[in-house]
Structure formats: structure tokens, C-alpha cells
Undergrad: 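Handing you this structure, nothing more for now.
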2 protein chains.
Amino acid sequence: MTTPNRRTAADDTVAVVVRQWQAVHPGTDTGPMEIIGRINRCAALLQQAEDAPLRRAGLTRPEFDLLGALRRTGRDLTPSGLARETFSSGAAVTKRLKQLQERGLIERHGDVRDRRVAHVTLTDAGRDLVDSILPVQLGYEKDVLSGLDPADQRELSARLGELLRRLEGGTGRAPGLGPGP
Amino acid sequence: MTTPNRRTAADDTVAVVVRQWQAVHPGTDTGPMEIIGRINRCAALLQQAEDAPLRRAGLTRPEFDLLGALRRTGRDLTPSGLARETFSSGAAVTKRLKQLQERGLIERHGDVRDRRVAHVTLTDAGRDLVDSILPVQLGYEKDVLSGLDPADQRELSARLGELLRRLEGGTGRAPGLGPGP
DNA sequence: TTCGAATGTTTTTCTTGTGAAACACTTGCT
DNA sequence: AGCAAGTGTTTCACAAGAAAAACATTCGAA
């Protein structure tokens, strides 16, 4: 007698979950779960692992994402631009800016032409902080991925790119499940 | 002159971000970002898309995960078992149980032997709710993945499985970045 | 020019999750 | 038996984000 609901070295947690669903709803097509469940689980574990270096720097991940957006675009961004760039709500951005400003990592400058808009820039300290954290994150990521050989990595990257383009609606969005009008 | 920071039909958002980092830190190995950035972004978009059917059923995703854990294991679970199964904190589980119980989706029964522990079970309504939502989710997932041909899907699933096993520490955990003592 | 709609940002209110402490009970040692 | 340490669950105080409303300002049409 086998014990199908225990995890072994050859299993990941998703494999176990899929087997459990198969036992309850035999015949269901669980193929999608094996991909999407793994994407979700990988994302959760990766984020958890990468939060550690951020916490050491006194940052949350959304805060780091905000600073990173400023760093990588190279120019200043407005709050709404940052919201777009970091996929977060305007209210959340406002809160983060307030805290990051108090810590001297960013600055706000009012636009001269249009006094509704603010321009957010990194301070030197903010830029240095991002530049000191980024290599740590990339190093960890490289290490995690070193389990896959380079060809597999390219494969994975390409497949995920296809999936992502579809999800981002580059061509044809998911039918029948939109938020509605 | 090219405009490297705009997204085109052949790009996904991650490709744009990677190019921005390359412009700021030329020569950096951004390979890892192309995989891990895409995993994170796919996860975010998938969760957002799958939240819609749940909201229609009056559930949040963590609530559905909890009910799903009860459904797929087939047996009752204790609160701490549910916390383990859904990767969430005990306190969060307690709160969710309270609400789900008020809505008649789960029941709590005290253990006779050990009066500290509670056993959580799905009610008929809870079981029916899960069973009505699950096919919708799987249907959406199947549809999203239909952009990849079956061989690529198996590829993707296998690579993600390798990565996930590594992240879950099946063999060799990421060195040098643990939470520390 | 002046009013109304649109836009950019912030504030408010509410919900949810978390970590620490509290509570309830069991177990093993003496 | 009695008590200390351990375990399972819940409560509490607080931090963070979302949606909607409030503000401030610009822009276009009459």
C-alpha cells in the first residue's frame, strides 16, 4: 500500500496537492495546476527568501520595488508613474513615499508647470542603498537557478515569457473571465 | 535611434525592466531576473485573474485555499494543520475560520481526547462551494495555458518542479542567505 | 473670463495579516 | 499528587494596503 499524500524527496508540495485532488475528483485535468500551482509556490518562496536581505536594510519589498523603479528608469517619476511602474495603488505609493522621504531616501519636487504633480527622485543615499542590495538579490537568484543547466534556464525563461505575454494581454486576453464593465 | 524602454507586442514587462537595468548597470548578469521576474509577475497576474470568480462567490483567495485544503485532504484538519497546509500564520487561520463558520461553510468539533485541539470540517455547503468554484478556476487556467503547446507545457511543468524542489529544500538549501541565528 | 469636467495627489475608513502574549490543556518528572 | 515545561488555539495591538472621497489644480468650451 502506497501513501500518496506524503511528500518524498522526488516530490514538491504541488505534486502532493495534485495527487490529493486526483483522489477526490478522479479524472479531472490537473495539468494546469501543475504549472500554475508551481508558479505561485515558487513566487511565494522566492519572495520570502529575498525579503531577508531587504529587512536587514530596513526595507519592505514594496519599498524596494519603488526605489528600484526610480533607479532603473534613471529619471524622476511622479507618484502615479510609480504606481504604474510598481503595479500598486496610488494610496500605497503615497504612504511609501512619506516613509522613504522621512528616511532621506527620496525627495519630492513640485512641478513648476503643473502644480498638481510631484516629481520623485532618489537621493544619493537612496541610490546607494539600491545599488548595494541589488547584487545580493541577483546573487541569490543566480545561486537558486544554478540547479538548472543554462539550456534549461533559457527554456524556462522563454516559456514563461510566452505565458506572461499572454497574461499581459499582448494578444488575446483571457475570455469570459474579465472583471466586467 | 531605438527607444528601449517602451513595451512592444513582442515584449513583456519583464523584458523592459531588464533592459532598463542593463542601461543603468551595464554588464550585470540579468539572466536570473528574466526567470524570476517572470515568475513573480505571472503569479501576480494569475492571482488577480483568479480572484474574480472567488469574489463572485464572496470568498477571498486565502479563504478558498483553506476550504480547498479541507476538501482535497478529504479529512478534517486542526487549525495548526490548516496553517501548515495553507502556508499561513495560526492567527490568520483563526480569523478565517471564524468567518467561514459564521457563513456555515465549516464546523469546529473539539477533540475528545485532547481538549486543546479542534477539528475543522467542511459542511455540505462548504464542500459544494469548493466543488462549484474549482472547475471555473481550472477552466481559466487551461485556457491561459492553451497558448503553449502540450510539449512546452510539460517542459515548463518539469523545469518549475526542479526549481521548486530546490526552493523547498529537498536537497541543498540556498547557502549564505538564511534568516540567521 | 468663468464654469465644469478631468487629472494628480493625498486623506480617510475599513479590512486583513502578523508577532507576541495570553489562555487552556496535557505530559513527564519527582 | 503536584508542578514545570510544552503544545494547540485564540486574542490583542499594530502595520499595511485598497477603495472611495476629498483636495488642489489645470484645461477646454461657452
Side-chain angles (χ1 to χ4, degrees), chain A residues 40 43-44 47-48 51-52 54-55 58-67 69-70 75-103 106-121 179-181, chain B residues 40 43-45 47-49 51-52 54-55 58-67 69-70 75-103 105-121 179-180:
Chain A
N40 285 328
Q47 298 198 8
Q48 190 180 315
D51 278 351
L54 296 180
R55 295 194 67 143
L59 290 176
T60 63
R61 163 175 281 266
E63 284 169 345
F64 179 69
D65 284 349
L66 193 160
L67 297 177
L70 285 168
R75 44 190 192 77
D76 54 32
L77 289 170
T78 63
S80 44
L82 282 165
R84 225 174 301 120
E85 209 65 43
T86 61
F87 306 103
S88 37
S89 73
V93 169
T94 298
K95 272 194 185 176
R96 282 169 210 150
L97 289 177
K98 192 175 160 192
Q99 303 204 90
L100 295 171
Q101 186 169 30
E102 281 164 6
R103 283 191 258 168
I106 59 114
E107 280 173 356
R108 287 186 238 215
H109 309 286
D111 187 298
V112 189
R113 285 301 180 92
D114 185 340
R115 288 189 305 184
R116 289 169 301 180
V117 333
H119 293 271
V120 181
T121 60
Chain B
N40 285 329
L45 288 171
Q47 296 198 11
Q48 188 180 316
D51 278 352
L54 296 180
R55 294 194 69 144
L59 290 176
T60 64
R61 162 176 283 261
E63 284 169 344
F64 180 69
D65 283 350
L66 193 160
L67 297 176
L70 286 167
R75 46 191 190 74
D76 54 34
L77 289 170
T78 64
S80 44
L82 281 165
R84 222 174 304 120
E85 209 66 44
T86 61
F87 307 102
S88 38
S89 74
V93 169
T94 298
K95 276 194 182 174
R96 284 169 208 148
L97 288 177
K98 192 175 162 194
Q99 302 204 89
L100 294 171
Q101 187 169 32
E102 281 164 5
R103 284 191 258 168
L105 298 172
I106 60 112
E107 279 173 358
R108 285 186 239 217
H109 309 288
D111 187 300
V112 188
R113 285 300 181 94
D114 185 341
R115 287 189 305 184
R116 288 171 303 181
V117 332
H119 294 271
V120 181
T121 59

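Letters go in sequence order (proteins before strands), and every chain restarts at 1.
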Undergrad: Within this structure, what is the CD1-CG distance for the pair B:Ile106 and B:Leu100, rounded to the nearest 0.5 Å?
TA: 6.0 Å

Undergrad: How many whole angstroms separate atom CD of A:Gln101 from atom C1' of C:dT10?
TA: 13 Å

Undergrad: Quickly work out the B:Asp51 CG to D:dA19 P distance and round it to whole Å.
TA: 11 Å

Undergrad: Separation of B:Arg55 atom CZ from C:dT15 atom P, in whole Å?
TA: 13 Å

Undergrad: Please, which pairs that meet salt bridge (Lys or Arg N to Asp or Glu O under 4.0 Å) have at least one residue in residues 76-103 of chain B, sequence neighbours excluded?
TA: B:Glu63-B:Arg103, B:Arg72-B:Glu85

Undergrad: Partners of B:Thr121 by side-chain hydrogen bond (donor to acceptor under 3.5 Å, both in side chains), sequence neighbours excluded?
TA: B:His109

Undergrad: Rounded to the nearest angstrom, tell me the gap between atom CG in A:Leu66 and atom P in C:dT9.
TA: 13 Å

Undergrad: Name all residues meeting the side-chain hydrogen bond (donor to acceptor under 3.5 Å, both in side chains) criterion together with A:Ser80; count only those two or more places apart in sequence or in a different chain, and write none if there are none.
TA: A:Thr78

Undergrad: Between the protein and nucleotides 25-29 of chain C, list the N/O to N/O atom pairs that are separated by less than 3.5 angstrom.
TA:
| residue | atom | partner | partner atom | Å |
| --- | --- | --- | --- | --- |
| C:dT26 | OP1 | B:Arg113 | O | 3.4 |
| C:dT26 | OP1 | B:Arg115 | N | 3.2 |

Undergrad: How close or far is atom C1' of C:dT9 from atom CD1 of A:Ile106, stated in whole angstroms?
TA: 13 Å

Undergrad: Below 4.0 angstrom, which residues in residues 78-89 of chain A have at least one non-hydrogen atom near DNA chain C?
TA: A:Thr78, A:Pro79, A:Ser80

Undergrad: OG1/B:Thr60 to CD/B:Gln99 distance, rounded to the nearest 0.5 angstrom?
TA: 8.0 Å

Undergrad: Atom CG of B:Leu97 to atom C1' of C:dG17: distance rounded to whole Å?
TA: 14 Å

Undergrad: Under 4.0 angstrom, heavy atoms only, what part of the nucleic acid is B:Ala92 near: base, sugar-phosphate, or nothing?
TA: base

Undergrad: Do B:Leu97 and B:Leu82 have side chains that get closer than 4.5 Å, going by heavy atoms?
TA: yes

Undergrad: With sequence neighbours left out, what residues match B:Arg61 under side-chain contact (heavy atoms from CB on, under 4.5 Å)?
TA: A:Asn40, B:Gln47, B:Glu50, B:Asp51, B:Leu54, B:Asp65

Undergrad: Could you work out, with side-chain hydrogen bond (donor to acceptor under 3.5 Å, both in side chains) as the rule, every residue matching B:Arg108, not counting sequence neighbours?
TA: B:Gln101

Undergrad: Locate the shortest heavy-atom distance separating B:Ala69 from B:Leu77; write the atom from each residue and the value.
TA: O-CD1, 4.0 Å

Undergrad: Name all residues meeting the side-chain hydrogen bond (donor to acceptor under 3.5 Å, both in side chains) criterion together with B:Gln48; count only those two or more places apart in sequence or in a different chain, and write none if there are none.
TA: none

Undergrad: What contact category does B:Arg61 fall into here, base, sugar-phosphate, or nothing, at under 4.0 angstrom with non-hydrogen atoms?
TA: nothing

Undergrad: Return a single string for nucleotides 11-16 of chain D, one symbol per nucleotide in 5' to 3' order, where B is base contact, S is sugar-phosphate-only contact and - is none, cutoff 4.0 angstrom on heavy atoms.
TA: B-----

Undergrad: Name all residues meeting the side-chain contact (heavy atoms from CB on, under 4.5 Å) criterion together with A:Asp114; count only those two or more places apart in sequence or in a different chain, and write none if there are none.
TA: A:Asp111, A:Arg116, A:Val117

